[in-house]
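For reference, the structure discussed in these notes is given below.
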Amino acid sequence: MIVPNYNYEKTLPACLDGVFAQTHRPLEVIVVDDASTDRSREIAASYPCRLVEGGGNKGVSAVRNRGAREARGDILFFVDSDVALRPDAIENALRVLREDPDCGLVHGTYDTRPLFDDGPVEHYRVLHAHWWRRRSVGRVGTAVFALAAVRREVFAAAGPFHEGLRDAEDVEYSDRLARVAGIRLTDTVVGRHDDCAGLADMLREQFRRSLPLAGFAGAHRMRSGGVVVNPLPGVVGATLFAATLPLLFAVFAAPLLAAVPLLFLALFLVSDPGLAGFVRRERGTRFLLYFLGVHLLAQWAITAGLVVGAVRRLGGRRALPAAPGASS
């Protein structure tokens, strides 16, 4: 079990409690700390796990690589330090790998409830994260390492994580992994996640994570089997709705023009079939209206990140940073 950590004193105890409550106890638990400045290291030291220093604040890719080098088991189970696994998570992951010899990695889903209830923005994030994973269950082309088990020989064949990436590292790794083994997304490996609680923080995160969509990450999403978080028609519909909003003021002079933004809004609303019904069943109609409003803002942040990423590419910046030691 490999737990990357950077300043997660809030959630690390719940994460490690979940690890040590597993029905299939892990061979070893390695917490790799990425130069935390909070109480994370003291917390990790209070559990029967091995604390490894990551050697400076190098990012999650470097920390996961360090954990993989330190681990002794034939199966590497990665879990983020803001995720608390259900007690049967490891047992179920091993069952999937045992029953499907061609599967080299299995990754799981988030619970519909957050690890800590920090308000409606977090409920939006957790529900959406659960939804897009649940609708993608099965053989996929994308691996997400927040809670994932991979065969050691498969990890070695795919190579280490790209340490030049601090976002979309899972996407870049998935392209290499899919060439050597199958990937499965399952709803039997579940964890509760602590997510963004502030609207501004959430939108900044969406923007930042969308920057690579103009390059390798966007190309990955378009490939067969790539897990889609936000369907492209919904992003397009939300963007064009914003762009055509002024036409609503022409409702009396030109009613047909006024209908244009409403058509784009409808495209946004129907682009992910089943999402609205799922949210309404989970939290009710009032929360659904809130959810859709926040989801609309999130699509705008994604578009902004995509545009900025495209401009940077046109300006000559690398779409994918060179790996350490690679020639320019």
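Index from 1, following the sequence. Computed from a predicted model, the values in this text were never measured in an experiment.
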Check this for me, if you would: do R125 and E205 make a salt bridge, where the nitrogen-to-carboxylate-oxygen distance has to be below 4.0 angstrom? yes
Between H107 and T186, does a side-chain contact (heavy atoms from CB on, under 4.5 Å) hold up when you go through it step by step? CA-CA 6 Å; H107 58 113; T186 179; over 6 Å; no
The residue among V140, V96, T142 that forms side-chain contact (heavy atoms from CB on, under 4.5 Å) with L185 is V140
Before accepting this row, confirm whether a basic side-chain N of the pair D111/R113 lies closer than 4.0 Å to the acidic partner's carboxylate O. yes
Quick one, P212 and V171 - any side-chain contact, counting heavy atoms below 4.5 Å? no
Applying side chain to side chain contact (heavy atoms under 4.5 Å, CB included), can you list everything that pairs with A129, at least two apart in sequence or on another chain? Y110, W132, R133
Residue pair W300 / Q206, side-chain heavy-atom distance below 4.5 Å: no
Looking only at side chains, do S40 and D33 share a donor and an acceptor under 3.5 Å apart? no
Residues in salt bridge (Lys or Arg N to Asp or Glu O under 4.0 Å) contact with R134, at least two apart in sequence or another chain: none
Value for CG (L16) from CE (M1), rounded to nearest 0.5 Å, stands at 9.5 Å
Is L94 linked to V150 within one hydrophobic cluster, defined over Ile, Leu, Val, Met, Phe, Trp and Tyr using a side-chain heavy-atom separation of less than 4.5 Å? no
Are H123 and Y290 close enough that their ring centers fall under 6.0 Å? no
Acceptor/donor pairs from residues 74-83 side chains to any protein atom, 3.5 angstrom cut, sequence neighbours excluded:
| residue | atom | partner | partner atom | Å |
| --- | --- | --- | --- | --- |
| D80 | OD1 | R64 | NH2 | 3.1 |
| S81 | OG | P4 | O | 3.0 |
| D82 | OD2 | H193 | NE2 | 3.0 |

For the hydrophobic clusters of this structure (ILVMFWY residues joined by side-chain heavy atoms under 4.5 Å, transitively), does one cluster hold both V308 and L213? no
Using only atom types and a distance under 3.5 Å, with no angle test, would you say the side chain of E122 pairs donor to acceptor with the backbone of D118? yes
Under a 4.5 Å cut-off applied to non-hydrogen side-chain atoms, are L12 and V3 in contact? yes
Derivation and outcome, salt bridge (charged side-chain N to carboxylate O under 4.0 Å, His left out), residues D272 and R135: CA-CA 10 Å; D272 200 348; R135 65 161 151 73; 3.0 Å; yes
Hey, what do you get for CG (N65) to CD (E169), rounding to the nearest 0.5 Å? 10.5 Å
Tell me, with the steps shown, if L306 and V235 meet side-chain contact (heavy atoms from CB on, under 4.5 Å). CA-CA 10 Å; L306 178 60; V235 178; 5.7 Å; no
Closest non-hydrogen atoms of L165 and A168, given as atom of the first, atom of the second and distance, are CD1-O, 4.3 Å
Give, for atom CG of L97 and atom CZ of R151, the distance between the pair rounded to the nearest 0.5 Å. 4.5 Å
Is any side-chain heavy atom of T11 closer than 4.5 Å to one of L115? yes
Is there a donor-acceptor pair closer than 3.5 Å between any side-chain N or O of D187 and the backbone N or O of V189? no
State, yes or no, whether a side-chain contact exists between H130 and L127 at a heavy-atom distance under 4.5 Å. no
Audit row: R184, L105, side-chain contact (heavy atoms from CB on, under 4.5 Å) steps and yes/no: CA-CA 6 Å; R184 186 171 291 278; L105 177 142; over 6 Å; no
Under the ring-ring contact (aromatic ring centres under 6.0 Å, His included) rule, what do F287 and Y124 come out as? Steps first, then yes or no, please. CA-CA 9 Å; F287 185 81; Y124 158 77; 8.2 Å; no
Look at the aromatic rings of H295 and F268 and report parallel, tilted or perpendicular, splitting at 30° and 60°. tilted
Are L262 and L269 connected into the same hydrophobic cluster when the rule is that any two of I, L, V, M, F, W, Y join if their side-chain heavy atoms are below 4.5 Å apart? yes
Counting distance only, does the side-chain N/O of R280 pair as donor-acceptor with the main-chain N or O of L275 below 3.5 Å? no
For the residue pair E91 / T23, report whether a side-chain donor-acceptor contact shorter than 3.5 Å exists. yes
Side-chain heavy atoms under 4.5 angstrom apart, residues restricted to Ile, Leu, Val, Met, Phe, Trp, Tyr: same cluster for L27 and V106? no
What residue pairs, at least two apart or across chains, pass side chain to side chain donor-acceptor pair (under 3.5 Å) with a residue in residues 228-241? N230-Q299, T239-T303
When every non-hydrogen atom of S174 is compared with those of G141, the smallest separation belongs to CB-O, 3.6 Å
Are side-chain N/O atoms of T37 and N7 paired as donor and acceptor at under 3.5 Å? yes
Closest heavy-atom pair and its distance - A197, V121: O-CB, 3.5 Å
Look up atom OG in S61 and atom CD in E172, then write down how far apart they are to the nearest 0.5 Å. 8.0 Å
Residue set satisfying salt bridge (Lys or Arg N to Asp or Glu O under 4.0 Å) with R152, at least two apart, ordered chain then number -> none
Is the distance between the ring centroids of H162 and Y173 under 6.0 Å? no
Go through the steps to decide whether D34 and K58 satisfy the test side-chain contact (heavy atoms from CB on, under 4.5 Å), and finish with yes or no. CA-CA 7 Å; D34 198 26; K58 297 181 177 180; 4.2 Å; yes
Between N92 and R95, is any pair of side-chain heavy atoms under 4.5 Å apart? yes
What I'd like to find out is whether the side chain of V32 reaches to under 4.5 Å of the side chain of N5, using heavy atoms alone. no
Are more than 12 heavy atoms from other residues, nucleotides or ligands located less than 6.0 Å from atom CZ of F145? yes
Show me the donor-acceptor pairs within less than 3.5 Å that the side chains of residues 42-54 make with the rest of the protein, sequence neighbours left out.
| residue | atom | partner | partner atom | Å |
| --- | --- | --- | --- | --- |
| S46 | OG | I43 | O | 2.6 |
| Y47 | OH | P13 | O | 3.3 |
| Y47 | OH | D17 | OD1 | 2.8 |
| R50 | NH1 | E70 | OE1 | 2.8 |
| R50 | NH2 | E70 | O | 3.1 |

Are F116 and V19 linked, directly or through intermediate hydrophobic residues, by side-chain heavy-atom contacts shorter than 4.5 Å (ILVMFWY only)? no
Taken to the nearest 0.5 Å, the spacing of R25 CZ from F20 CZ works out to 6.0 Å
Is the count of non-hydrogen atoms from other residues, nucleotides or ligands lying under 6.0 Å from R286 atom CZ greater than 12? no
Within a 6.0 Å radius of atom CZ on R139, are there more than 12 heavy atoms belonging to other residues, nucleotides or ligands? yes
Identify the two heavy atoms, one from L177 and one from A143, that lie closest to each other, and give their separation to 0.1 Å. CD2-CB, 4.0 Å
Residue pair L85 / Q22, side-chain heavy-atom distance below 4.5 Å: yes
About how many Å separate OH of Y6 and CG of D38, when rounded to the nearest 0.5 Å? 8.5 Å
